[in-house]
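Residue numbers start at 1 and run along the sequence shown. In this text the structure is predicted, and so the values were computed from the model without any measurement.
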Amino acid sequence: MKTICYITNQITGNFHQMNYRNVIENTKSYPCNVIVYEGGIVNRSLSKDRINQQILFDFIQPDNMDGIILSSGSMLLFSSQIARENFMKKHESTPLISLYTVMANTVNVRTDNEMAITRVISHLREEHGLTRFAFVNGPADNQDCKARKKGFIKGLKLHGIPPEEGFIFEGDLRSKSGKDIISRIIHENMDIEAVLFANDEMAIGALEYISNDHPHLVGKYAITGFDNVNNGALTNPQLTTVGQPLKAMIHKSVDLLLKQEITPGDSANHVIPSELVIRSSCGCDHRETKRDNKPLRKLETPINRPMDNIRTFDLEDLFHQLTVLLREYQLDNCFISFFEKPVSFEIPDDFVMPEKSNLKYSFCKNIEKIFEDGITFPSRELLPRDIKLEEPYALVAKPLFFYNEVFGTLLHDAQQGDEEEWENIRSIISNAVKGHNLIDEKNQLVNDLNEALQQVKQLKGLLPICAKCKNIRDDKGYWSRIEHYISENSEAAFTHSICPDCAEELYGYKQEPPKEEK
């Protein structure tokens, strides 16, 4: 049975969650296994506590994966051209689909970004008679944002509206930048009628800011987004947006990998048309828009949350408590493995992934197994080969990390539970492992200090010494020569010489005292 993987920076959040769930849903119609690798954004200049999650991507090798779907639109969002090229080179031997971002020598599946924004302007101009437009873009080097900005300028020209200087803003695709920019437009009293955002997150941020801080201005600006995330239908007013055909794009990607069987190095561009989703934020009459009524996969949260009770730095105790949690939430297929040595964030460019891992915990078919000595296996295989899962399976691989260290991997079922809850479980495990390691380090340090103290011998207190021969009596009542006693009870060693008085008595001459150095 074939195994394909979906590589993404995260599976939580509106946009990422929709993609992830569509991948799992679309692969069900094929006899294949799927593994989701969740490992952060490919960018070494990002905050250090996110860098080393990327080592998870090194586990993907041609001999353990038959195809890759890469969420390039988000994973490579803030990466440099060199970083993108290096990442793609690592996987050039495996059939690969780039989702959203067009990559060279790759099969790309994307939507019509440029034409979509042009259609938005046509709607605002023809249906609402607007002429004063602003556009809030994302990162300047992002391909999708470049195309959407190009579509904005093209749409204005199509309707004879010259783009005005200062009416194109640079955002970062996060909701805060949407709030900041709409705040600037309001406080500077800019002559703007419509604000087109390059994604929904920024548009939602802007709508929330107006609703909360300037409710008297609700409806003053026509506001649109791009992506059609679930929360867009929950804003007030509801967000008019461009619906990226996520289901169709992912269906096409899965079909290309498993049915048409592309090969490494194949190059093609598949453009899936987008859809303009008209709601009320653009100025159209408020009406309930069609929503996906399929309920979100949420965990049934009991009144007494077992997750809140996991407070231990003892790994065996942690595993037992985790089993209680998984049974309470009716989850299955959870595996915890640790690298032979944690990986620090100081990852060199020639970094080699940890070759070996040890499986420490398994929860499968409601059976808990704790392996005290661990089962050693190649890290990139994620599980020892004698752990047999019922096929076809869908799993998510997450790095277990704490700030600047990666300890190992959490492997869990992709079709059970909620993404946010699994992320909380990962965080709890990571914190407990870090605490366990710190306690081990402290205990080892204490042992090392005790051993050092045992080796350091000190003389103290009153010592019985003979007034004539100067022998010393030990604590057992035995007398011994002073040099022997001191050697046995300290780190001092002796060498012999003759003092001036003894030299005169024994040999008839008196030694001259040493001369002082000038």
**Q** Are Asp58 and Lys90 close enough for a salt bridge, meaning some N to O gap below 4.0 Å?
**A** yes
**Q** Check this for me, if you would: do Arg380 and Glu355 make a salt bridge, where the nitrogen-to-carboxylate-oxygen distance has to be below 4.0 angstrom?
**A**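 No, this pair does not count.
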**Q** Of the options Asp112, Val109, Asn108, Val102, which is the one that meets Val271 in a side-chain contact (heavy atoms from CB on, under 4.5 Å)?
**A**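 In the set Asp112, Val109, Asn108, Val102, the residue that makes a side-chain contact (heavy atoms from CB on, under 4.5 Å) with Val271 is Asp112.
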**Q** Would you indicate whether Glu390, at its atom CD, is surrounded by more than 12 heavy atoms from other residues, nucleotides or ligands within a distance under 6.0 Å?
**A**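 Counting other residues, nucleotides and ligands, CD of Glu390 stays at 12 neighbours or fewer.
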**Q** Any idea which heavy atoms bring Ser274 and Arg119 closest together, and the distance?
**A** OG-NH2, 2.6 Å
**Q** What residue among Leu56, Ile11, Leu410, Asn9 forms side-chain contact (heavy atoms from CB on, under 4.5 Å) with Glu38?
**A** Ile11
**Q** Could you walk me through whether Ser177 and Asp172 pass side-chain hydrogen bond (donor to acceptor under 3.5 Å, both in side chains), step by step?
**A** CA-CA 6 Å; Ser177 66; Asp172 62 7; 2.9 Å; yes
**Q** Under 3.5 Å, is there a donor-acceptor pair between the Asn19 and Tyr100 side chains?
**A** yes
**Q** Given 3.5 Å as the limit, does a donor-acceptor pair link the side chain of Ser362 with the main chain of Phe335, or not?
**A**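 No; judged by distance alone, with no hydrogens or angles, the pair does not exist.
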**Q** Is the distance between the ring centroids of Tyr361 and Phe319 less than 6.0 Å?
**A** yes
**Q** Please find the pair of heavy atoms, one from Phe363 and one from Thr323, that lie closest to each other, and give the distance.
**A** CE1-CG2, 3.5 Å
**Q** Looking at Lys360 and Asp373, does any basic side-chain N land under 4.0 Å from a carboxylate oxygen?
**A**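 Between Asp373 and Lys360 there is no salt bridge, as every charged N stays at least 4.0 Å from the carboxylate O atoms.
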**Q** Tell me the closest heavy-atom pair linking Ile272 and Pro245, and the distance in Å.
**A** CG2-CG, 3.5 Å
**Q** In terms of side-chain geometry, is the basic nitrogen of Arg21 or Glu25 positioned less than 4.0 Å from the acidic oxygen of its partner?
**A**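 Here Arg21 does not pair with Glu25 in a salt bridge, since their nearest N and O are not under 4.0 Å apart.
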**Q** Output yes when Lys154 and Glu114 qualify as a salt bridge under the 4.0 Å nitrogen-oxygen rule, no when they do not.
**A**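 Salt bridge between Lys154 and Glu114, a charged N being under 4.0 Å from a carboxylate O: yes.
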**Q** Quick check: Phe57 with Phe87 (ring centres under 6.0 Å apart)?
**A**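 Close enough - the centres of the two rings lie under 6.0 Å apart.
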**Q** Which residue is it: Leu258, Val254, Leu257, Thr3? I am looking for the one with a side-chain contact (heavy atoms from CB on, under 4.5 Å) to Cys32.
**A** Leu258
**Q** Does Glu316 have more than 12 heavy atoms from other residues, nucleotides or ligands lying within 6.0 Å of its CD?
**A** no
**Q** Tell me if a side-chain donor or acceptor on Asn142 pairs with a main-chain N or O of Pro139 at a distance below 3.5 Å.
**A** no
**Q** May I ask you to check if Arg148 and Phe197 form a cation-pi contact, with NZ or CZ under 6.0 angstrom from the six-membered ring centre and within 45° of the axis?
**A** no
**Q** Just one of Asn26, Leu246, Val23 clears the side-chain contact (heavy atoms from CB on, under 4.5 Å) bar with His251, so which one?
**A**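 Going through Asn26, Leu246, Val23 one by one, the side-chain contact (heavy atoms from CB on, under 4.5 Å) with His251 is satisfied by Asn26 alone.
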**Q** Between Asp413 and Tyr393, is a side-chain hydrogen bond (donor to acceptor under 3.5 Å, both in side chains) present by the stated rule, with each step listed?
**A** CA-CA 8 Å; Asp413 197 291; Tyr393 56 75; over 6 Å; no
**Q** Work out which heavy atom in Ile121 is nearest to a heavy atom in Gly151; give both atom names and the distance.
**A** CD1-O, 4.5 Å
**Q** Mind checking whether Trp422 and His412 have parallel, tilted or perpendicular rings, split at 30° and 60°?
**A** parallel
**Q** Quick check on Lys434: does its NZ atom have over 12 non-hydrogen neighbours (other residues, nucleotides or ligands) under 6.0 Å away?
**A** yes
**Q** Does the side chain of Thr263 come within less than 4.5 Å of Pro95's, by heavy atoms?
**A** no
**Q** Find out whether Leu382 and Ile35 are in side-chain contact, i.e. whether some heavy atom of one side chain is under 4.5 Å from a heavy atom of the other.
**A**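 Yes - at least one pair of side-chain heavy atoms lies under 4.5 Å apart.
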**Q** Between Gln244 and Glu275, is any pair of side-chain heavy atoms under 4.5 Å apart?
**A**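 Sidechains of Glu275 and Gln244: no contact.
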**Q** Applying salt bridge (charged side-chain N to carboxylate O under 4.0 Å, His left out) to Lys89 and Glu85, what does each step give before you reach the verdict?
**A** CA-CA 6 Å; Lys89 189 173 182 179; Glu85 291 174 356; over 6 Å; no
**Q** Once you round to the nearest 0.5 Å, how far does CZ of Arg385 lie from CD1 of Ile375?
**A**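 Answer rounded to 0.5 Å: 14.0 Å.
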**Q** Decide, yes or no, whether a salt bridge links Glu423 with Lys398 under the criterion of side-chain N to carboxylate O below 4.0 Å.
**A** yes
**Q** Does any non-hydrogen side-chain atom of Ile336 lie less than 4.5 Å from one of Ile429?
**A**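 The answer is yes; the side chains approach within 4.5 Å.
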**Q** Nearest 0.5 angstrom please: Met65 CE to Tyr37 OH, how far?
**A**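 The OH atom of Tyr37 is 3.5 Å from CE of Met65, to the nearest 0.5 Å.
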**Q** Take atom NZ in Lys150; do more than 12 heavy atoms of anything else shown fall under 6.0 Å from it?
**A** no
**Q** At their closest point, which heavy atom of Leu383 faces which heavy atom of Phe377, and how far apart are they?
**A** N-CE1, 3.5 Å
**Q** Assess whether side-chain hydrogen bond (donor to acceptor under 3.5 Å, both in side chains) is satisfied between Ser72 and Ser98, documenting all intermediate values.
**A** CA-CA 6 Å; Ser72 56; Ser98 175; 2.7 Å; yes
**Q** What orientation do Phe152 and Phe135 show, parallel under 30°, tilted 30 to 60°, or perpendicular over 60°?
**A** parallel
**Q** Met1 and Asp66: which non-hydrogen atoms are nearest, and at how many Å?
**A**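 Nearest pair, atom of Met1 first, then Asp66: O-OD2, 4.5 Å.
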**Q** Is Val36 close to Ile24 at the side-chain level, that is, under 4.5 Å between some pair of heavy atoms?
**A** yes
**Q** Check Asp180 with Lys176, please: is the shortest side-chain N to carboxylate O separation under 4.0 Å?
**A**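 Looking at Asp180 together with Lys176, the answer is yes, because their closest N to O distance falls below 4.0 Å.
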**Q** Apply the test side-chain hydrogen bond (donor to acceptor under 3.5 Å, both in side chains) to residues Ser337 and Ser357: give CA-CA distance (whole Å), side-chain angles for both, the deciding distance (0.1 Å), then the verdict.
**A** CA-CA 6 Å; Ser337 302; Ser357 289; 5.9 Å; no
